[in-house]
**Q** 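Take a look at this one; I'll ask things after.
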Protein chains: 2
Amino acid sequence: MNPPGGRTPVMADVARLAGVSHQTVSRVINGHPNVRQETVLRVQRAIDELGYHRNSTARALVTRRTNVLGVLAFDTTLFGPAQTLAGIERAAREAGYFLSMVSLDDVSPAGVVAAADFLIQQSVEGCIAIAPQRGLVDALASLPGPLPLVAVEGGEGSGLPVVCVDQVQGAEEAVRHLLALGHHTVHHIEGDPLWLESEARAFGWRRALEEAGAPVPEPLQGDWSPRSGYDLGRALVGRRAAGERVTAIFVGNDQMAIGVLRALHEAGLGVPGDVSVVGFDDIPEAEYLTPSLSTVYQDFAQVGRESLALLLGEIGAGRTGSADPAGAGRRVVPAELRQRGSSGPPPP
Amino acid sequence: MNPPGGRTPVMADVARLAGVSHQTVSRVINGHPNVRQETVLRVQRAIDELGYHRNSTARALVTRRTNVLGVLAFDTTLFGPAQTLAGIERAAREAGYFLSMVSLDDVSPAGVVAAADFLIQQSVEGCIAIAPQRGLVDALASLPGPLPLVAVEGGEGSGLPVVCVDQVQGAEEAVRHLLALGHHTVHHIEGDPLWLESEARAFGWRRALEEAGAPVPEPLQGDWSPRSGYDLGRALVGRRAAGERVTAIFVGNDQMAIGVLRALHEAGLGVPGDVSVVGFDDIPEAEYLTPSLSTVYQDFAQVGRESLALLLGEIGAGRTGSADPAGAGRRVVPAELRQRGSSGPPPP
DNA sequence: GACAACATTGTTAGCGTTAACATACGAGGC
DNA sequence: GCCTCGTATGTTAACGCTAACAATGTTGTC
């Protein structure tokens, strides 16, 4: 089944075997209409016999389209980014695009530029950046060149098209839920202060408190890790021991919430009897913690789909040369509160 | 800074601006020695001025090397695969390779072939498959064509080069640890039975029990999810109520272990007072659960590095035409027991 | 039966790069 | 001064594909 010489077969080999010109082979492969049915079959038989695969490199060279999209991410082992990546991957595959991935080790502008260069070198047609940090988004926005780009969780004001979960709304719902249960206020443990999600959730928390006329206690700054949740949970236990009324905690993500639960348990405090806890993310474990964790669900698959759609729109607009008429798009995916066992009324 | 006509600049544009031939530009870009220092500078200035980037497609066409590696994965949102992927990505980038990713929606042979075709279409030079399932490995092993391939967690006997964590040893250490604490036997909740890791851990568990002369209770089959851990935890509680001596449980992964902890807690059983629990994976949350979870750590970053090294070796061997003299490689990364609060001596 | 319209195929010319060969020039040995 | 050698550059021909055009047949219309 090999072409003369043992090389991997090329179009000309198929053409020779099928007794047609290489252009006819190309037509068959690309599903061009005006080819006789019998010829199509003959060519396909030849393709199968030789085990021919079209050389995508040569095709890309002449069509000027690589069919490759880039994904630039910061930490794909975290729950949110991993889910988003999976969503993008699936959407891209369904749209017939290949996906090339590059991770950032740090968010310095130099690192971002290097990563973007890496993708540009590879002639990606566009790029989705899972860009949860302020500095990263700014570095992206200032990239030279006409690379179509979409930022996931990119915040506002960067001028980039953005897809994000409505973090503010999610946080507000969580806080309102706790206030509605009768808590006089809600404490907050923030995620990594460099992350935009962290900022947005803190903003929603603050706004919900202010709207309800509740006091706004000083928030604590974590780094998303269970360890920081534990440490800051202990800090809150200390404040409570010092007389502060700490009966409800809105934690920036579920991993930190696990650390908080641990700290409360060590201090002999019941959840939700003494203190209520609400997290963010709805990791699969949340429902099976003890107690099960109230949290805010984000539809990452939807984020992935939306960001791909936005990127494809941009690529299309760039190809037709038309400027984006609606300006940089911004699509917001709603978040959804999941009430579970870790939130209840305050102690009397 | 634009080339005539507003096209993206090509080598000839740079050559014209620098007053040299395009081949000299190529020499400068590729760091060829015999170019006068002054010429190098002139060319580099022209490159900067035009914002020129080499067209990787054209280069790949003529060199027959794409510098792209494929990663084929099943579910990259799970902890292990996500970590492994991150490790591979970093190693690939350091080696100057691009990474193209494709996920499998199902592990049917047809799905595997489609995914592999997708990568072959893209002219990847080789492929790493994060292939935790028996059927997937078999489908991979039977792929036609000379694509260099490495399987991560691919089990034995497939004929493919494999990198894996020593699941058996990890499981044995976990079980021996529990037996050493005085438990008369150890129960086991398996992961998804289709996964090789599941099989290997169950094998290690059984072997450790048999070596110690301990009875081997019927294992329970889960699916890695917290929910299945919870359900099977309740089942074990039931067996215990029926008189069976259940004092130690080795759980196939940490997520299921969380469900087990929940089930034990609901039944009023103390951990480790009444029942000891050991998981597998060492997810970041493990240390901060209540109680902190004893588990088995796997160095996924190392797995990523090793698999990339193995693949590059294969690619090199293929290029030089030399058959792999050592046969399909197999590299095993040791696992490591992490003793924490969820394992202790049995009740008297 | 002549002409138009269409369906089917073939021929040619790139896409932007690198490899191979060709050329020009200066330095050094006899 | 002639030849050799090494360095620096230019010229030409691929790589495997698609787009554009050209060249056939094949039908239908009047």
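Naming convention: chains lettered A, B, ... in sequence-line order (proteins, then strands); numbering from 1 in each chain. Predicted model, so just to flag it, every value in this text is computed and none were measured.
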**Q** What residues form a side chain to side chain contact (heavy atoms under 4.5 Å, CB included) with Q83(A), not counting sequence neighbours?
**A**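 Once residues adjacent in sequence are excluded, the partners of Q83(A) under the side chain to side chain contact (heavy atoms under 4.5 Å, CB included) criterion are F79(A), F300(A), T77(B).
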**Q** Taking atom types as modelled and ignoring hydrogens, do the side chains of S100(B) and Q122(B) form a donor-acceptor contact shorter than 3.5 angstrom?
**A**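 Short answer, yes.
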**Q** Mind listing the closest non-hydrogen atom pair of V137(B) and L196(B) along with its distance?
**A**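 It is CG2-CD1, 3.8 Å.
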**Q** What pair of heavy atoms forms the shortest contact from G96(B) to N67(B), and how long is it?
**A**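 Shortest heavy-atom separation between G96(B) and N67(B) comes out as O-OD1, 2.9 Å.
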**Q** Any salt bridge (charged side-chain N to carboxylate O under 4.0 Å, His left out) involving residues 130-141 of chain B? Give me the pairs, sequence neighbours left out, ordered by first then second residue.
**A**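 Every pair satisfying salt bridge (charged side-chain N to carboxylate O under 4.0 Å, His left out) with a residue in residues 130-141 of chain B: R134(B)-E199(B).
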**Q** Under a criterion of less than 4.0 angstrom to any heavy atom of chain A, what are the 5'-terminal and 3'-terminal contacting nucleotides of DNA chain D?
**A**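 The protein-touched segment is dG16(D) to dA20(D).
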**Q** Mapping A58(B) and V20(B) onto DNA chain D by nearest heavy atom, which one lands closer to the 5' end?
**A**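 Looking at the nearest nucleotide for each, V20(B) comes out on the 5' side.
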**Q** Quick one: does N55(A)'s side chain have a donor or acceptor within less than 3.5 Å of a partner on T57(A)'s backbone?
**A**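 Yes.
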**Q** Which nucleotide of DNA chain C is the first, and which the last, in the 5' to 3' direction, to come under 4.0 Å of a heavy atom belonging to chain B?
**A**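 Boundary nucleotides touching chain B, in 5' to 3' order, are dG16(C) to dA20(C).
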**Q** Any donor-acceptor pair under 3.5 Å linking the side-chain atoms of S56(B) with those of S123(A)?
**A**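 Result is yes, a qualifying pair exists.
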**Q** Is there any ring-ring contact (aromatic ring centres under 6.0 Å, His included) pair reaching into residues 37-58 of chain B, and which pairs are they, with sequence neighbours excluded?
**A**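 Residue pairs passing ring-ring contact (aromatic ring centres under 6.0 Å, His included), neighbours aside: none found.
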**Q** Are there more than 12 heavy atoms of other residues, nucleotides or ligands under 6.0 Å from atom CZ of R90(A)?
**A**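 Incorrect, the count does not exceed 12.
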**Q** Which of residues 23-39 of chain B sit near DNA chain C, with a heavy atom under 4.0 Å from it?
**A**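 Those residues whose heavy atoms fall under 4.0 Å from DNA chain C, taken from residues 23-39 of chain B in numerical order, are Q23(B), S26(B), N30(B).
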**Q** Between E49(A) and R45(A), does any NZ, NE, NH1 or NH2 come within less than 4.0 Å of an OD or OE carboxylate oxygen?
**A**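 Not counted as a salt bridge, because no side-chain N and carboxylate O are separated by less than 4.0 Å.
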**Q** Within the structure shown, what part of the strands sits under 4.0 Å from S21(A) by heavy-atom distance: base, sugar-phosphate, or nothing?
**A**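 Base contact.
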